[in-house]
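Order of appearance sets the numbers: ligands from 1, and atoms from 1 within every ligand.
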Amino acid sequence: MKTYIVGNFKLNFTVGEASIYLHKLLKAVPNYRDIEVVVAPSTVALQPLSLQIDRHKMKLAAQNGFYRDFGAYTGETSFSQLRGLVDYVIIGHSERRHIFGEDDKFIQKKVAGAVRNKLTPILCIGETESERAFGETADVIRDQVLGGLADVSAEDLDKVILAYEPVWAISSTKAAKEATPGEIAEVVKLIREILKDTYGVKVAEKVPILFGGSVKKTNAGAYLMVPGVNGLLVGGASLILSEFIDIIEIAKRVSA
Ligand code: PGA
């Protein structure tokens, strides 16, 4: 399986800044066949960056999208509109869940809508600090995995990527803590078991599981060595071009 390094710019960079970043990134990173480099800029940057990107080298992701193809949905961007611009779409990010009130039912429709439009959803799941403190992590993860994937058939499961992002480890969270490799391993194992029990061993093994939450060049190597982790979803550190390049190089070394 490839190693995925996904940079989530969130609400940062103008279109011009994102374009300069991509230009420099394309120059700095060789064509690694076993590393899938993905950048997720703001929606407004997707069209120009889709013309600029070298798809053999890296791919684009949208940070969000809507499951209806068209209609009276002010402010939304449909997966059918994103199709052709991006290969991936981040769905159910904790900021969407907690700031914009997206629940598992809504996220479930988005995941299915992305798959229907031939985009690969990167479905984010993760418990909050208080859910962890109350011993609810396993239940929350189970609900988010099964809820988010409820409309995805076993045949389509290999078109989905999961990202475990404990909310308490995301750098924008107040007093964010870095997760330990042991904490990550435990939850990633649980996610794989849920997939195996629901969809069968064969297809469950094919689903990439990424980790995200305060990933930096100093912890990327250790996180990529956690059994069952197939890549990283990088937020804050991806805004610093040199740091993101270092993380890609670390992934190359670890996967060699
Ligand atoms: P962070 O964000 O790397 O800044 O913690 C990760 C994410 O929210 O996807």
Subject >> Set of side chain to side chain contact (heavy atoms under 4.5 Å, CB included) partners for D143, sequence neighbours left out >> reply: D104
**OP:** Do me a favour and list the nearest non-hydrogen protein atom to atom 2 (O) of ligand 1 with residue, atom name and distance?
**Re:** K10 NZ, 3.3 Å
Subject >> Min heavy-atom dist S214 to ligand 1 below 4.0 Å >> reply: yes
Original post:
For atom 3 (O) of ligand 1, which protein heavy atom lies nearest, and how many Å away is it?
Top reply: G235 N, 2.9 Å
Subject >> Over-ring placement of R96 relative to F100, 6.0 Å and 45° cut-offs >> reply: yes
Original post:
Under 4.5 Å between side-chain heavy atoms, hopping through other hydrophobics if needed: is there a path connecting I125 to F134?
Top reply: no
Original post:
For atom 1 (P) of ligand 1, what's the nearest protein heavy atom and its distance?
Top reply: S171 OG, 3.4 Å
Original post:
Do ligand 1 and G212 have nitrogen or oxygen atoms that lie under 3.5 Å from each other?
Top reply: no
Subject >> Under 3.5 Å: donor-acceptor pair, side chain of E17, backbone of T14 >> reply: yes
Original post:
Any idea which of Q63, K216, E165, E178 brings a heavy atom closest to atom 6 (C) of ligand 1?
Top reply: E165
Original post:
S78: what forms a side chain to side chain contact (heavy atoms under 4.5 Å, CB included) with it, not counting sequence neighbours?
Top reply: S80, Q81
Original post:
Within the structure, does H93 bring an N/O atom to less than 3.5 angstrom of an N/O atom in ligand 1?
Top reply: yes
